[in-house]
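One structure below.
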Protein chains: 4
Amino acid sequence: MTDTKAPDSSRRSERSRRAIYDAALALVTEVGYGRTTIEGIAARAGVGKQTIYRWWPSKAAVLLEAFLDLADQAADGSYDFPDTGDLEADLKTVLRATVDEMNNPVYEGPTRALAAEGIVDPVLGSQFVEKLLEPPIRLYVQRLRSAEAAGALRPGLDPRTAVELFIGPLTHRWLLRTLPLTHEYADSIVEYALSGLSPRG
Amino acid sequence: MTDTKAPDSSRRSERSRRAIYDAALALVTEVGYGRTTIEGIAARAGVGKQTIYRWWPSKAAVLLEAFLDLADQAADGSYDFPDTGDLEADLKTVLRATVDEMNNPVYEGPTRALAAEGIVDPVLGSQFVEKLLEPPIRLYVQRLRSAEAAGALRPGLDPRTAVELFIGPLTHRWLLRTLPLTHEYADSIVEYALSGLSPRG
Amino acid sequence: MTDTKAPDSSRRSERSRRAIYDAALALVTEVGYGRTTIEGIAARAGVGKQTIYRWWPSKAAVLLEAFLDLADQAADGSYDFPDTGDLEADLKTVLRATVDEMNNPVYEGPTRALAAEGIVDPVLGSQFVEKLLEPPIRLYVQRLRSAEAAGALRPGLDPRTAVELFIGPLTHRWLLRTLPLTHEYADSIVEYALSGLSPRG
Amino acid sequence: MTDTKAPDSSRRSERSRRAIYDAALALVTEVGYGRTTIEGIAARAGVGKQTIYRWWPSKAAVLLEAFLDLADQAADGSYDFPDTGDLEADLKTVLRATVDEMNNPVYEGPTRALAAEGIVDPVLGSQFVEKLLEPPIRLYVQRLRSAEAAGALRPGLDPRTAVELFIGPLTHRWLLRTLPLTHEYADSIVEYALSGLSPRG
DNA sequence: CCGTAACCGAGACGGTACGTCTGGTCTTTGA
DNA sequence: TCAAAGACCAGACGTACCGTCTCGGTTACGG
């Protein structure tokens, strides 16, 4: 046995959890992920270190939950994907919004830190993907299916692969900072992906 | 002035540098990036810690150089991009090779570690991009220009954006581990990007 | 404020303290003071370095306490000064014992090291004097006062100065190793100091 | 054989030696013995480290020589001991001068440092004693012999032991800082030692 | 008068230890 | 009965010096 005891989650202090979330997010934005330490979070939250170790396995896990909590509060369940009937316009709307989010300094720091951690740590990575990335991707897939039904897409395409044709390039530029992420770039991606690079017959 | 003194690189020990590269790569593959320490590298290389700190600013910088050195040795100046006249086939060849590299456990560990570090540290990130990513991208751009000249591409496309339509989705799957990276996926990306997702007129 | 935090001494681990004392004394006798390091003490005591730095400001301070602890154990409260009525004999007895102690290799190493450190570091020096040197000196002073009352000493002498007439020369030979420290020397000191160097009237 | 080569002292750079002496003394008075390093001396003297290691075995040896050189310059060969015919007065004159020297901050730092080092390192200690302490002691011995011849001392006394009755207590107070070193103390020592502590017959 | 052998300044090197910081565990204490 | 507080073992951090070792440059003999 490694775990001597499993903590009783019903007795968990809501107060402490909130304080830990707040402290973690504040520290990450103030000093960056690398200089954020568990000791620092505990001190700032007015909480014993053990209270953190009891409930989370790592600094990244704390931050992921804190970030999800933040996102939940912001989202109010408002998750949806526009469907005006014009696929190209809808995709541009969403990708431009994504670009704005990626350029928003409030989210950028923590998200980069989590993505980086997830790249190296598969367990965290899968949580990151499942909880943060998959939900919007599923909305893309839905929208593409409806477009296919409406004859706005070639039939027989794999929707997952198609989605990645849009978000792959964006993520690439964002993570690797090769070139600036702009609305124009988002528009180009949509146009190129829909029309194809080959000359039209 | 930040640096009070710059070391005299003409007196640098080639022997030590090589030993440090070897030790760094070995440790990263054996115990992972997170558990690789500068002390560990120094000990394994039979080198004083100061010899590392004298020449590199961080663990990541050591590893980046070590990895570049490794790549240089492997490459033998063989960098080129196939140009058989068949753009689609050439792109598939290259993307499949990229997939193989990304799945090769020898390169995967250090590359992920460096990418992750670069995501969080802009200075390292720009070096990572410039030294590892840009060279192949420039070959893509060349190939696309030659295709455009041959009438195999729609005229007026931005070649950088076009390149990212291919490598963006691949990088996305690789870094975020959303779905397995296969040759089939590489082929699909090429086909989708060239033909476009919209129904052909 | 210099000290940001003072550790809570009520939660101090007695186990660690003992282990540190033992390790420190063992190392000093085995390899000498100069080659005794805080890292070495910590390793030998099976203790984190911080546990030493938390409670002592320096290697010398650790050793002083360890040595005092050793002396306390040895002493059993047995501190006293002979008073047979024969001042000269009593002084010879005590000075001969002091000579024996100074020649005892078990005590010599640590004591010399502490004395040397105290000579250079006034803070440590005052502790060394107060805790190790003063107690026996006070016994001398008492004995001399009783001798004065008994008419065995010239009246009006400053007892501190008188004491130093005995222990000063001994300490001088011991610290500076000018000539060997023998019982004969101790006897001579007592005789010379009591009778004076001038011809008797 | 341990030393492979002995350096050729005839080719030694006088310039470097002087610069090293100056740097060593300056550093010791500025930052103290403990924080004076061979690297620091070399840098300050504008000298390669090897030039120090070539000619001296240790930091203490450098400082001892530097200090002897300083003393030689100050002394101008003026070494002598007053002999007015009044032994008590002569001794007080000399001891008061010694007290002044011990209290002189210019000499105090380096001398304490050397004494401390000599206490722990027997080789250095014997050099310290032989070169700095013995010469004046020999003058004392001479003066005491002349006093004995003049009938100012009890016959048959061991002059070395007698000398230590004077300088032992002084050294004791100086090194251990038990009580302040004053001219009055010097006078008392002379009086007590000459007349003795016992009541005069 | 010209090599050659040494010292010299400079500083990179393999190391050791420093004192600090953080990770994760274990213990005590107050509410 | 839990959580705050924080001491504990462990060990990496980056720095400072150690003493050794080249490396050119510069004297200063000795053939």
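Every heavy atom of this structure was used, including side-chain atoms; hydrogens, water molecules and symmetry mates were not. Keep in mind that what you see is a predicted model, and the values were worked out from it rather than measured.
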Open item on the list: Rounded to whole Å, please give me the gap between CG in D/Asp8 and C1' in E/dT4.
Closed with: 14 Å
Task: Any C/Arg11 side-chain nitrogen or oxygen under 4.0 Å from OP1 or OP2 of F/dA5 - done: no
- [ ] Could you check whether B/Arg12 gets within reach of a base, just the sugar-phosphate, or nothing at all, counting any heavy atom under 4.0 Å?
- [x] sugar-phosphate
- [ ] Would you mind telling me which residue lines up with the more 5' stretch of DNA chain F, C/Gly46 or B/Thr37, judged by nearest nucleotide?
- [x] C/Gly46
- [ ] Could you state the atom-to-atom distance from CH2 of A/Trp55 to P of E/dT25 in whole Å?
- [x] 16 Å
Task: Atom pair distance, as rounded to whole Å: CZ in B/Arg44 and C1' in E/dG14 - done: 18 Å
Open item on the list: With a cut-off of less than 4.0 Å, is there a side-chain N or O of D/Trp56 near OP1 or OP2 of F/dG19?
Closed with: no
Open item on the list: I want to check one thing: is the phosphate of F/dA4, taken as OP1 and OP2, less than 4.0 Å away from some side-chain N or O of A/Thr51?
Closed with: yes
Task: Distance in angstrom units between C/Glu39 CD and E/dT20 C1', rounded - done: 12 Å
- [ ] Let me know the distance between CZ of C/Arg18 and P of F/dC8, rounded to the nearest Å.
- [x] 15 Å
TODO: For C/Ile119 and D/Ala116, work out which heavy atoms get closest and say how close.
DONE: CG2-CB, 4.1 Å
Open item on the list: If you only use heavy atoms from C-beta on, which nucleotide in F/dT15, E/dC7, E/dG23 is closest to the side chain of B/Tyr53?
Closed with: F/dT15
Open item on the list: Here's a test of your reading of the structure: between B/Arg15 and C/Ser10, which maps to the more 5' nucleotide of DNA chain E?
Closed with: B/Arg15
TODO: Would you mind classifying the nucleic acid contact of D/Gly40 as base, sugar-phosphate or nothing, using non-hydrogen atoms under 4.0 angstrom?
DONE: nothing
Open item on the list: Can you confirm if the NZ or CZ of D/Arg11 lies within 45° of the ring axis of D/Trp55 and under 6.0 Å from the centre of its six-membered ring?
Closed with: no
Open item on the list: Any donor-acceptor pair, under 3.5 Å, between the side chain of B/Lys49 and the base of F/dG14, if you only look at N and O atoms?
Closed with: yes
TODO: Give the rounded distance in Å between these two atoms: CZ of A/Arg35 and P of E/dG23.
DONE: 14 Å
Open item on the list: Expressed as a whole number of angstroms, how long is the span from B/Ile38:CD1 to F/dG11:C1'?
Closed with: 15 Å
Task: Any N/O donor-acceptor pair, C/Gln50 side-chain to E/dC21 base, under 3.5 Å - done: yes
Task: Donor-acceptor contact present, side-chain B/Thr51 to main-chain B/Val47, <3.5 Å - done: no
TODO: Name the nucleic acid region contacted by A/Ser16, choosing base, sugar-phosphate or nothing; use a 4.0 angstrom heavy-atom cut-off, strictly under.
DONE: sugar-phosphate
Task: Among E/dG24, F/dA12, E/dC8, the nucleotide that comes nearest once only the side chain of D/Ser13 is considered - done: E/dC8
TODO: Provide, to the nearest angstrom, the distance between the CD1 atom belonging to D/Ile20 and the C1' atom belonging to E/dC7.
DONE: 12 Å
Open item on the list: Would D/Lys131 and D/Phe67 count as a cation-pi pair here, with the cationic atom under 6.0 angstrom from the ring centre and within 45° of the axis?
Closed with: no
Open item on the list: Within 45 degrees of the ring normal and closer than 6.0 Å to the centroid, is that where the cationic atom of B/Arg17 sits relative to B/Trp56?
Closed with: no
